[in-house]
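I have placed the structure first, in the form of structure tokens, so that the comments after it can refer back to it.
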Amino acid sequence: MAEATPVQIFHMEEKRRQYRSGGFFLKVGLLALFVLVPFLFPSFKTVDLAMQIIIFATLVASFDILLGYTGILSFGHGMFFGIGAYCVAFLVGKYGTPSYANLALGFVIAALVASVLALVISFLSLRVKAIFFAMITLALAELAIVLATKLSGFTGGEDGISLNMPGVLAVSFNAGNFLGLEITGRILTYYFILLACLGLFLAMLRFTHSPLGRVLQAIRDNVERAEALGYKTFVFQAISITFGCVVAALVGGLYGMWVGYVNPESCLGVLSIMLAILLMCIIGGMGTLYGGIVGAAFFMITETFLPDLQHLAKDFFPSAVLLHNVLERWHLVLGVLFILVVIFFPKGIIGSVREFIDRRK
Amino acid sequence: MEETILKRWSRELTIAGAIVLFLLPLIGIPGKTYMTLTIAGLAMGMLLFLVASGVSIIFGLMDVLNFAHGALFAWGAYVGFTVFGYLMKWVEADSVLQNFAAFSLAIVAAMVVVSLVGIVLEKVIVRRVYGSHLFQILITFGATIVLVELIRVFWGPNDEVMTVPLTFSKSWDIMDIIINRYRVICIAVGLVVYGVIQLILKKTKLGTIVRAGVEDRDMVQAMGHNIFLLFTGVFAAGAALAALGGLTMSLFSLQVYPDMGGTYLLFAFIVVIIGGLGSVTGSLVGALIVGLTYNYVAYLVPWAAAGANIMIMIIILLIRPTGLFPVGK
Amino acid sequence: MEEERSVNDAILKVEKAHTFIGQHHILQGISFESKADAVTVLIGRNGAGKSTALRTVIGLLPPSEGKIFFKGEEIQKKKPYEIARMGIGFVPENMGIFAGLTVEENMRVAMLVEDEATTQRLERALDMFADLRKFWKGKAGNLSGGQKQMLAIARAIVNDTSLLLIDEPSKGLAPIIVDAVIEAINQIKDHSVVVLVEQNFYMASSVGDYFYIMDDGMVVHGGIMEELVHDEGLKSKYLGISKTGD
């Protein structure tokens with residue numbers, strides 16, 4: 001075999017470093033934890049929490065493809081998520097019978113709709129200014145909610161749509177006991193979604209490390225230079241945006257499978273889903289993909305245990321009225337945290353930790 | 001030469017086309033209803049203009065897209081709500097004078113309080129992220145969360161009913177066309193604000209400097225003008241306009257609620273994209289287009305009202321990406 | 001006012017200034033000074049950092065290292081508007097005309113105070129550039145290239161400036177207009193010290209008293225203009241000029 005080129009050597013070394021580093025074991029350990037959650041903590045609350053973290057971590061990573069890797073801020077990511085959820089819900093809920101084929105078709109349609117819409121939005125807004133993307137996606141996201149609510153004959157309106165899963169994924173399915181765990185349809189759905197999210201996450205990692213991904217980062221860092229080098233920045237940005245949005249739609253479909261129910265507020269809401277995505281991405285750290293896991297975990301765990309925290313505060317500090325008020329208005333805390341992170345730690349938790357480790361070396 | 005003639009004609013053609021387009025709904029709407037809808041549309045357009053002009057000037061001069069504008073709008077409405085609460089006797093009195101006194105006091109209070117909030121916002125938060133659109137949007141979005149939550153803390157999380165001053169809520173009946181007085185007031189407020197802004201921008205030295213700054217910030221600085229002071233001032237003025245818009249809009253829709261800014265911020269974005277970011281006249285024209293379209297379409301095809309304006313925005317983006325009144329940079 | 005300056009002091013002194021634009025290290029420790037009652041010309045190839053040097057002085061691109069003195073005072077940490085108010089006028093490469101404003105409004109934005117002295121200076125500038133008076137109420141964007149340049153210079157001299165930074169005034173102008181600009185600068189130099197960035201050697205040698213040659217973000221040579229005019233070796237090495245007929 002011919003001698004390796006410098007680029008190949010670089011890649012080989014990079015790979016070797018990857019598998020030896022502590023970060024690699026952390027990632028494997030994290031994956032193992034998610035795999036074992038149903039066995040270790042079989043309560044519904046914990047499994048649901050783990051699932052939500054997995055789903056949102058993947059969703060935030062797909063948002064990060066746009067924000068962190070392409071430098072494009074979208075307020076329509078929640079909308080793509082919702083489109084995915086609705087597409088799957090139409091196929092196995094409102095308009096189709098629960099079958100594997102319909103489920104798969106739902107995901108295919110979700111991806112198609114998302115890619116067409118993302119391309120159209122990119123074409124409309126990127127021609128002028130990148131900030132138009134934020135404005136237009138915000139407008140379209142609001143429009144999507146209005147349409148989903150008003151066109152109730154088609155979308156089920158405010159009441160939403162219930163999903164029924166086919167075969168082994170159905171809630172009623174039960175395969176008996178395995179290592180002390182009831183293998184129900186829910187558990188199988190959990191593993192199915194975990195596997196799908198892992199696949200999507202690896203695809204995104206691959207995407208960001210591909211030559212295409214590196215060009216994107218060059219564009220993000222310096223548009224003029226990338227243009228001067230002869231890259232059609234618009235095309236690259238559009239591809240990246242479309243990829244991120246398709247992943248978001250697929251994740252939306254998975255979310256629909258898990259919660260078994262979609263409605264405008266829970267799937268399309270700018271102030272519910274979109275806000276959560278943004279907070280998770282910024283707090284976790286943009287431009288890292290892994291930031292999404294940290295952000296989602298932080299956000300989901302605090303949201304889940306917030307009521308407990310409020311009770312705890314009332315029990316232990318009954319006189320601290322301010323503390324109670326602050327905990328009542330949890331978004332206020334998150335908002336302030338968000339601003340502080342943007343000002344002082346623009347790289348988020350992951351980015352700042354990485355910087356800290358690099359500096360200690 | 002030929003080109004200038006063509007240009008001149010294209011302007012007239014555009015105006016003629018616009019007039020035809022806005023008479024078109026007459027086909028589906030009876031004449032009297034059309035008049036009522038037109039007045040409602042103009043009133044709504046004027047209120048949107050108040051919000052959008054702030055977004056537009058702030059972007060034009062400072063290159064900052066202020067996502068917190070909607071929250072400032074809501075603050076204006078709530079401050080006015082509080083003032084009305086204290087002056088309930090005047091608001092409910094059947095006296096034009098007392099009604100106007102309450103209305104004016106509420107406007108002054110809303111504009112003062114919110115411009116102070118705007119100054120704090122600009123000095124503490126926005127100033128740190130000049131130059132980066134991405135971080136500006138993120139940080140002003142963060143400010144929105146905080147400001148909206150603060151409304152929930154100060155005024156409570158529920159919708160509140162806004163009382164319209166008694167004499168404002170009456171209507172005139174001119175040849176069987178019902179004209180709501182408050183709508184006329186809205187149109188008047190909008191026109192006055194447009195006139196004042198134009199007067200300041202065109203006739204005062206400060207306004208001239210602001211217009212110069214919209215074109216070339218660096219040059220204005222290099223001429224010895226303290227651009228940061230200018231930024232703070234314009235941000236405060238934009239916030240005051242948002243407050244005025246919020247207060248008048250809450251009297252239009254008869255309610256205040258913490259998230260109310262989001263919807264109208266959206267309208268404001270559509271308006272400035274149609275009109276051209278940085279142009280005050282563009283904001284006025286864009287706002288009137290949006291206001292009229294919304295009312296006509298809401299009458300003809302109720303569920304499509306929100307979509308119609310977005311369609312207009314998309315069409316404008318396709319044929320004229322920089323809006324109807326682009327500002328030369 | 002102008003007479004009070006001591007003759008031999010450098011009114012502007014740049015010491016080892018480093019300036020970055022983004023990650024690019026543009027100025028790599030340049031030093032130059034501008035003597036009173038003289039025109040100093042920065043010459044050099046495209047991308048040598050001449051424009052950056054002027055923008056660094058006026059504060060639009062603050063230096064990361066090094067010092068800049070104006071009338072003996074350190075100014076490298078000051079904001080552009082503070083520096084301008086100390087008496088430095090700036091004409092940027094693109095002229096910085098406010099195209100949507102009228103000629104009159106352009107001048108009014110430039111006038112920091114509107115007192116009698118300023119009005120006199122305005123009259124002086126308008127006498128120098130008669131076209132500006134002609135198009136006084138017209139949009140500055142409709143002016144020709146030469147007229148825009150004159151407006152830009154007029155704006156810079158309407159205040160009580162003791163130093164004028166002019167970036168490539170000959171750029172894109174017809175030769176006859178260049179001559180008019182040269183005449184204008186020769187008039188201005190009676191009132192104010194001028195630092196000029198110029199690629200057009202004809203113009204540089206017509207107005208300059210002192211020169212600095214810049215290359216790759218550094219000053220590689222400096223001296224009296226007359227010497228440079230006769231130094232063919234230096235000219236061909238840095239400026240790519242071989243002996244021509246003019």
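The chains referred to below are lettered A, B, ... by the order of the sequence lines, with proteins before strands, and numbering in each begins at 1.
If you measure heavy-atom distances from A/L278 to chain B, the contacts under 4.5 Å come from the side chain alone. Looking at B/F67, the atoms closer than 4.5 Å to chain A (heavy atoms on both sides) all sit in the side chain, from C-beta outward. The part of B/I310 that comes within reach of chain A is its side chain, from C-beta onward, which places non-hydrogen atoms under 4.5 angstrom from that chain. Of the two parts of A/L147, only the side chain, counted from C-beta on, holds a non-hydrogen atom closer than 4.5 Å to a non-hydrogen atom of chain B. Contact annotation for B/V272: only side-chain heavy atoms (C-beta onward) come within less than 4.5 Å of a heavy atom of chain A. The part of B/L65 that comes within reach of chain A is its side chain, from C-beta onward, which places non-hydrogen atoms under 4.5 angstrom from that chain. Heavy-atom distances place both the backbone and the side chain of A/V336 under 4.5 Å from chain B. Neither the backbone nor the side chain of B/L147 comes within contact range of chain A, judged by heavy atoms closer than 4.5 Å.
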Practice item. Take A/F75 and B/F269 through the test ring pair (Phe, Tyr, Trp, His ring centres under 6.0 Å) and record every step on the way to the result. Key: CA-CA 13 Å; A/F75 282 102; B/F269 282 169; 8.6 Å; no
Point to revise | Audit row: B/F141, A/L275, side chain to side chain contact (heavy atoms under 4.5 Å, CB included) steps and yes/no | key: CA-CA 9 Å; B/F141 191 73; A/L275 185 64; 3.4 Å; yes
Review point. Which is it for A/I136 and B/M313 under the side chain to side chain contact (heavy atoms under 4.5 Å, CB included) test, yes or no, and what are the steps along the way?
Key: CA-CA 9 Å; A/I136 290 178; B/M313 175 181 85; 3.9 Å; yes
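Among residues two or more places apart in sequence or in another chain, the side chain to side chain contact (heavy atoms under 4.5 Å, CB included) test is passed with A/I343 by A/I339, B/R128, B/I139. Partners of B/Y296 under the side-chain hydrogen bond (donor to acceptor under 3.5 Å, both in side chains) rule, at least two apart in sequence or in another chain, are B/Y34, B/T38.
When all heavy atoms of B/V146 and A/L332 are compared, the closest pair comes out as O-CD1, 3.6 Å. Here the closest non-hydrogen pair linking A/H331 and B/I145 is O-CG2, 3.6 Å. In this structure, A/G71 and B/L134 approach most closely via the heavy-atom pair O-CD1, 4.2 Å. The minimum heavy-atom distance linking A/F338 with B/L138 is given by the pair CE2-O, 2.9 Å.
No side-chain heavy atom of A/M135 sits under 4.5 Å from any side-chain heavy atom of B/V55.
Atom CG in A/L340 sits 9.0 Å away from atom CD1 in B/I125 (nearest 0.5 Å). Atom CD1 of B/I316 is separated from atom CG of A/L124 by 12.5 Å, given to the nearest 0.5 angstrom.
Heavy-atom neighbours of chain B within the stretch residues 238-245 of chain A, taken at a separation under 4.5 angstrom, are nonexistent.
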Considering only distance and modelled atom types, tabulate donor-acceptor pairs under 3.5 Å from the side chains of residues 44-54 of chain B, sequence neighbours left out.
residue, atom, partner, partner atom, Å
B/S53, OG, B/F49, O, 2.9
B/S53, OG, B/L50, O, 3.2

